[in-house]
Amino acid sequence: MTGKLSEAICGIDTLTTLVVADWKDIAGEIPTCVTALPSLRILDLIGNKLSGEIPADVGKLSRLTVLNLADNALSGKIPASITQLGSLKHLDLSNNQLCGEIPEDFGNLGMLSRMLLSRNQLTGKIPVSVSKIYRLADLDLSANRLSGSVPFELGTMPVLSTLNLDSNSLEGLIPSSLLSNGGMGILNLSRNGFEGSIPDVFGSHSYFMALDLSFNNLKGRVPSSLASAKFIGHLDLSHNHLCGSIPLGAPFDHLEASSFTSNDCLCGNPLKTC
């Protein structure tokens, strides 16, 4: 399907759902009048060629629960008014050309369970207020240009189970809270500038389907407490400056050498003996 979104849509003031998903060739801008639809609950325009900016008054859609504009060519900043969407549960703006900083008061989105902003050109720091979103389970800010340190508070979030921050310019120490959080199942901090040692805070509560800390500037030893983790499905500590012997234990039994390669002086199974 080709063409653009007609402003005639805005005349349907009882419209609750607008889904034009994966039509591939719908182009042009999102009509600004869409923000005046009082009953709109779902706006899903993923997978098209939409351009221009997200309407500045998107925050007027007070009943909106799903906003999915991923996989388009949208540009400009994330509108400040987006933080007024108090009913929003699913936000996906990934794979666009959005720039600027993430609004500081994103924590106002108290109903949000998924926040997907990956593969844009976002800059600045991760707002601490994000940690106030009690229901947030999935946070993906990967492949942007974010900088600064990761707020310790992210690791204290009770529901957060997937955190992808890879391929940014983040730095500083890895917050111990991210690794000690027993609910964290997928954590990807790869391809950043994290320094210092890996916090030795793992235990029987640790259950990682994927833990990726590769391509950073981490030093020291592989934490011995990792051996006591309940489960580690995929582990990647490669391309750092780690040294010493790899701990022995069930979580390491299935891992291959690629999980540990390109460090300074790691040894032990599955690498060469110490």
Side-chain angles (χ1 to χ4, degrees), residues 1-103 106 109 111-123 133 135-146 162-168 186 188:
M1 298 289 291
T2 59
K4 63 179 183 178
L5 297 174
S6 171
E7 292 190 359
I9 292 174
C10 305
I12 313 174
D13 57 7
T14 57
L15 190 67
T16 61
T17 301
L18 177 55
V19 178
V20 185
D22 291 314
W23 285 22
K24 307 302 182 187
D25 287 320
I26 301 298
E29 299 187 2
I30 301 172
T32 56
C33 60
V34 166
T35 63
L37 291 170
S39 302
L40 196 63
R41 296 178 184 273
I42 297 175
L43 180 57
D44 187 349
L45 307 178
I46 185 176
N48 287 289
K49 293 181 179 177
L50 297 170
S51 58
E53 299 187 0
I54 299 171
D57 290 335
V58 67
K60 290 182 178 180
L61 296 171
S62 60
R63 297 187 179 184
L64 201 67
T65 61
V66 174
L67 178 58
N68 191 350
L69 306 178
D71 301 334
N72 280 286
L74 298 171
S75 58
K77 297 182 178 182
I78 298 174
S81 72
I82 204 169
T83 62
Q84 299 170 19
L85 297 174
S87 299
L88 197 65
K89 297 179 180 179
H90 178 100
L91 174 65
D92 192 349
L93 306 179
S94 57
N95 197 24
N96 280 286
Q97 299 165 21
L98 300 174
C99 62
E101 299 186 0
I102 300 171
F106 237 88
L109 299 174
M111 299 296 291
L112 202 62
S113 61
R114 301 191 77 202
M115 176 178 165
L116 312 177
L117 306 180
S118 65
R119 291 172 291 161
N120 281 289
Q121 300 166 23
L122 299 173
T123 56
I133 308 176
R135 293 176 172 83
L136 192 63
D138 188 350
L139 176 59
D140 191 348
L141 305 178
S142 62
N144 279 288
R145 300 173 183 175
L146 300 173
T162 299
L163 178 60
N164 291 309
L165 302 179
D166 52 292
S167 303
N168 279 287
I186 296 175
N188 192 341

Mind checking the CD-OG spacing from Glu53 to Ser51? Nearest 0.5 Å is all I need. 10.5 Å
Hey, what do you get for NE2 (His90) to CD1 (Ile42), rounding to the nearest 0.5 Å? 10.5 Å
Pairing residues for Ser39 by the side-chain contact (heavy atoms from CB on, under 4.5 Å) criterion, not counting sequence neighbours: Thr16, Arg63
Decide yes or no for Asp57 and Pro55: does some side-chain heavy atom of the first lie under 4.5 Å from some side-chain heavy atom of the second? no
Side chain Asn72, main chain Asn96, donor-acceptor under 3.5 Å: no
Of the non-hydrogen atoms in Asn120 and Leu117, which two are nearest, and what is the gap between them? ND2-O, 3.1 Å
When you measure from the side chain of Ser87 to the backbone of Leu64, do you find a donor-acceptor pair of N or O atoms at a distance under 3.5 Å? no
Which atom pair, heavy atoms only, marks the closest approach of Ala27 to Leu50? O-CD2, 3.6 Å
Could you grab the distance from atom CG of Asn168 to atom CG of Leu122, nearest 0.5 Å is fine? 8.5 Å
Nearest atoms (heavy-atom pairs only) where Ile78 meets Phe106: CG2-CE1, 4.4 Å
Evaluate the side-chain contact (heavy atoms from CB on, under 4.5 Å) criterion for residues Leu74 and Ile30: first the C-alpha distance (whole Å), next the side-chain angles of each, then the deciding distance (0.1 Å), finally the verdict. CA-CA 9 Å; Leu74 298 171; Ile30 301 172; 4.2 Å; yes
Which residue is it: Asn68, Val66, Ile82? I am looking for the one with a side chain to side chain contact (heavy atoms under 4.5 Å, CB included) to Leu91. Ile82
In short, disulfide bond (SG atoms under 2.5 Å apart) pairs touching residues 10-85 with sequence neighbours left out are Cys10-Cys33
Atom of Met115, atom of Leu112 and distance for their closest heavy-atom approach: CB-CD2, 3.8 Å
Has Gln97 got more than 12 heavy atoms of other residues, nucleotides or ligands less than 6.0 Å from its CD? yes
State, without any angle test, whether Asp71 and Asn95 hold a side-chain donor-acceptor pair at a distance under 3.5 Å. yes
To check you understand the geometry: which heavy-atom pair defines the closest contact between Lys49 and Lys24, and what is its length? CG-O, 3.3 Å
Euclidean distance, Asp25 CG relative to Asn48 CG, rounded to 0.5 Å: 8.0 Å
Please evaluate residues Ile54 and Leu98 with respect to the criterion side-chain contact (heavy atoms from CB on, under 4.5 Å), reporting the C-alpha separation (whole Å), side-chain torsions for both, the decisive distance (0.1 Å), and the verdict. CA-CA 9 Å; Ile54 299 171; Leu98 300 174; 4.2 Å; yes
Ser167 OG to Asn188 CG distance, which is reported to the nearest 0.5 Å: 7.5 Å
Assess the residue pair Ile102 and Leu141 against the criterion (side-chain contact (heavy atoms from CB on, under 4.5 Å)); give the C-alpha distance rounded to whole Å, side-chain angles, the decisive distance to 0.1 Å, and a yes or no. CA-CA 10 Å; Ile102 300 171; Leu141 305 178; 4.1 Å; yes
For Pro31 and Glu7 the tightest heavy-atom approach is CB-CG, 4.0 Å
Validation row: Leu5, Ile26 side chains within 4.5 angstrom (heavy atoms): yes
Gap separating the OG1 atom of Thr123 from the CG atom of Leu146, nearest 0.5 angstrom: 7.5 Å
